[in-house]
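Step one of this worksheet: look at the structure below.
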Amino acid sequence: MYQSKISGLGKYVPENVVTNDDLAKLMDTNDAWIQERTGIKERRHIKDYNEESTASMGVKAAKIAIERAGISKDDIDFIVFATLSPDYYFPGCGVQVQEALDIKTCPALDVRNQCSGFVYALSVADQFIKTGMYKNVLVIGAENHSGGLDFTTRGRSVSVIFGDGAGAAVLTRSDHNGQGILSTHLHSEGKHALELSLKGPSTQKWVPEIIEENNQENPDYYPYMNGQFVFKNAVTRFSEVIMEGLKENGLAVSDIDMLIPHQANLRISQFIQKKFKLSDDKVYNNIQKYGNTTAASIPIALTEAWEEGKIKEGDKVVLAAFGSGFTWASAVMSW
């Protein structure tokens with residue numbers, strides 16, 4: 001079995017900054033209310049949907065990751081794209097990236113695991129490299145949330161949370177045993193699927209019904225979240241899946257050099273940090289300026305932590321995510 005390691009990282013967020021005060025002009029909310037419940041101060045939203053999209057943001061992040069990996073686009077053997085907000089119902093964003101980057105014919109896979117999407121995608125890429133099938137895998141997490149949010153008071157509990165952006169990583173076969181991804185751990189519990197969901201449009205309420213109804217008041221077309229229930233499950237599953245990864249590799253919490261949690265809510269991250277007694281320099285959060293970018297949140301945060309010199313060679317890095325499905329996952333790496 002081969003080892004895989006992250007050889008390049010990249011991120012991209014739209015230039016358009018949307019503050020809490022900006023949202024207060026659209027709905028009954030305010031900066032203090034949003035920060036108290038989520039920790040978010042601002043987020044990025046696509047300004048022109050004709051110019052930017054989920055796929056195009058992924059392409060921009062990917063170009064940076066490929067360059068930093070020190071390889072050519074034609075060295076990419078496989079593309080794995082994680083998103084809940086693809087440009088089209090089909091085809092997926094993976095093939096759009098392949099075309100936009102002018103990568104030679106290669107497989108492209110789309111992962112639909114929402115907030116856990118990037119860790120799931122990373123795990124898929126890791127397995128293909130470990131078995132020797134591929135050498136360089138491009139993994140992308142990208143989201144265009146702003147195009148489908150309810151910016152009225154009715155939707156404020158959800159719409160203030162989400163932002164747009166993309167992050168990318170190049171996974172490469174490593175010749176150094178013990179360096180790279182040590183293990184990944186994936187879980188799901190479908191009985192809670194509707195507690196964090198977007199039910200329509202879907203094949204259960206598809207094009208003819210949409211055209212016939214054209215009901216502007218139908219809330220099914222916007223995301224729904226049972227916030228307190230999601231929070232309670234998140235803090236439990238975050239803790240479990242982090243400990244699972246540490247145990248698998250004979251590590252203790254004290255061995256963590258950097259924890260990158262999915263940026264769902266600053267209060268969740270702070271709860272986990274306090275529970276594990278981790279110092280501020282061992283947990284990276286950037287939800288304050290980007291909001292929850294779902295599948296993009298971990299690669300954006302991982303890229304920023306690395307760019308800021310907070311992750312060094314030999315560090316034990318843990319990624320952990322929880323989200324819709326419910327799904328949750330972790331990855332343990334030796335940098």
Side-chain angles (χ1 to χ4, degrees), residues 1-9 65 77-83 94 107 109-141 167-174 176-189 234 236-253 255-264 272 276 284 294-303 305-306 311 315-335:
M1 298 287 281
Y2 294 98
Q3 193 91 20
S4 70
K5 68 173 183 179
I6 293 178
S7 58
L9 289 166
D77 304 311
F78 186 31
I79 299 168
V80 187
F81 198 117
T83 186
L109 172 70
D110 288 71
V111 172
R112 290 289 303 276
N113 280 81
Q114 296 67 251
C115 299
S116 301
F118 183 78
V119 183
Y120 266 74
L122 198 71
S123 181
V124 169
D126 178 49
Q127 305 311 313
F128 274 108
I129 290 177
K130 280 182 174 175
T131 60
M133 189 165 185
Y134 300 120
K135 186 176 180 181
N136 297 297
V137 182
L138 174 61
V139 184
I140 301 171
V170 173
L171 256 65
T172 302
R173 186 185 301 170
S174 173
H176 301 286
N177 190 30
Q179 181 189 48
I181 296 178
L182 303 180
S183 65
T184 58
H185 308 271
L186 314 177
H187 299 276
S188 71
E189 190 175 27
T236 298
R237 298 308 192 186
F238 262 110
S239 300
E240 289 177 354
V241 82
I242 291 170
M243 291 306 301
E244 180 183 5
L246 294 175
K247 184 178 179 181
E248 175 72 18
N249 295 284
L251 300 173
V253 171
D255 293 313
I256 297 176
D257 295 299
M258 178 58 67
L259 171 64
I260 309 281
H262 162 54
Q263 304 294 292
I272 299 302
F276 285 167
Y284 193 85
T294 308
S297 82
I298 285 181
I300 289 174
L302 182 61
T303 300
W306 175 79
I311 299 176
D315 280 357
K316 298 298 184 294
V317 178
V318 178
L319 313 179
F322 173 90
S324 174
F326 289 147
T327 63
W328 59 101
S330 67
V332 180
M333 298 181 285
S334 181
W335 203 258

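Throughout, residue positions are numbered sequentially from 1 according to the sequence presented.
Of all non-hydrogen atoms in Gly245 and His185, the two that sit nearest each other are CA-NE2, 3.3 Å. Taking both residues in full, the closest heavy atoms of Ser334 and Gly178 are given as CB-O, 3.3 Å, listed atom of the first, atom of the second, then distance. Across every non-hydrogen atom of Phe128 and Thr131, the tightest pair is O-OG1, 3.1 Å. Across all non-hydrogen atoms, the minimal contact from Ala82 to Ala121 is CB-CB, 4.2 Å. Between Ala331 and Thr184, the shortest heavy-atom contact is CB-CG2, 3.9 Å. The two residues Val137 and Ala125 come nearest to each other via the heavy atoms CG1-CB, 3.5 Å.
Between Lys316 and Ile256 the shortest side-chain heavy-atom distance does not fall below 4.5 Å. At a threshold of 4.5 Å between non-hydrogen side-chain atoms, the residues Leu302 and Ile311 count as touching.
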Identify every side-chain donor-acceptor pair in residues 111-118 under 3.5 Å, counting partners at least two apart or on other chains, and give the distances.
unit_1, atom_1, unit_2, atom_2, d
Arg112, NE, Thr83, O, 3.4
Ser116, OG, Thr327, O, 3.0
Ser116, OG, Thr327, OG1, 3.0

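Annotation: cation-pi geometry satisfied between Arg173 and Tyr2 (NZ/CZ under 6.0 angstrom from ring centroid, within 45° of ring axis).
The residue from Phe326, Trp328, Tyr120 that alone fulfils the ring-ring contact (aromatic ring centres under 6.0 Å, His included) condition with His187 is Trp328.
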Candidate pair Val139 and Ile6, rule side-chain contact (heavy atoms from CB on, under 4.5 Å), full reasoning: CA-CA 10 Å; Val139 184; Ile6 293 178; over 6 Å; no
Candidate pair Gln3 and Leu182, rule side-chain contact (heavy atoms from CB on, under 4.5 Å), full reasoning: CA-CA 8 Å; Gln3 193 91 20; Leu182 303 180; 3.9 Å; yes
Verdict with reasoning, His262 to Ser297, per side-chain hydrogen bond (donor to acceptor under 3.5 Å, both in side chains): CA-CA 6 Å; His262 162 54; Ser297 82; 2.6 Å; yes
From CA spacing to verdict: side-chain contact (heavy atoms from CB on, under 4.5 Å), Asp255, Leu246: CA-CA 9 Å; Asp255 293 313; Leu246 294 175; 5.6 Å; no
Derivation of the side-chain contact (heavy atoms from CB on, under 4.5 Å) call for Asp315 and Met258: CA-CA 7 Å; Asp315 280 357; Met258 178 58 67; 5.7 Å; no
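A distance of 11.0 Å separates CD1 in Ile300 from CD1 in Ile298, rounded to the nearest 0.5 Å. Expressed to the nearest 0.5 Å, how far CD1 of Ile181 lies from OG of Ser123 amounts to 8.0 Å. To the nearest 0.5 Å, atoms OG (Ser330) and CG (Leu122) are separated by 11.0 Å. Here the straight-line distance linking atom CG of Leu259 with atom CD1 of Ile272 works out to 8.5 Å at 0.5 Å rounding. We find the CD-CE distance between Gln127 and Met1 to be 6.5 Å, quoted to the nearest 0.5 Å. A distance of 14.0 Å separates CG of Leu319 from OH of Tyr284, quoted to the nearest 0.5 Å.
Of the possible donor and acceptor atoms, one in the side chain of Asp77 sits under 3.5 Å from a partner among the backbone N and O of Lys135. A distance-only check finds no donor-acceptor pair linking the side chain of Ser4 to the backbone of Leu171 [under 3.5 Å].
Screening residues 241-252 for salt bridge (Lys or Arg N to Asp or Glu O under 4.0 Å) gives no qualifying pairs among residues at least two apart or on separate chains.
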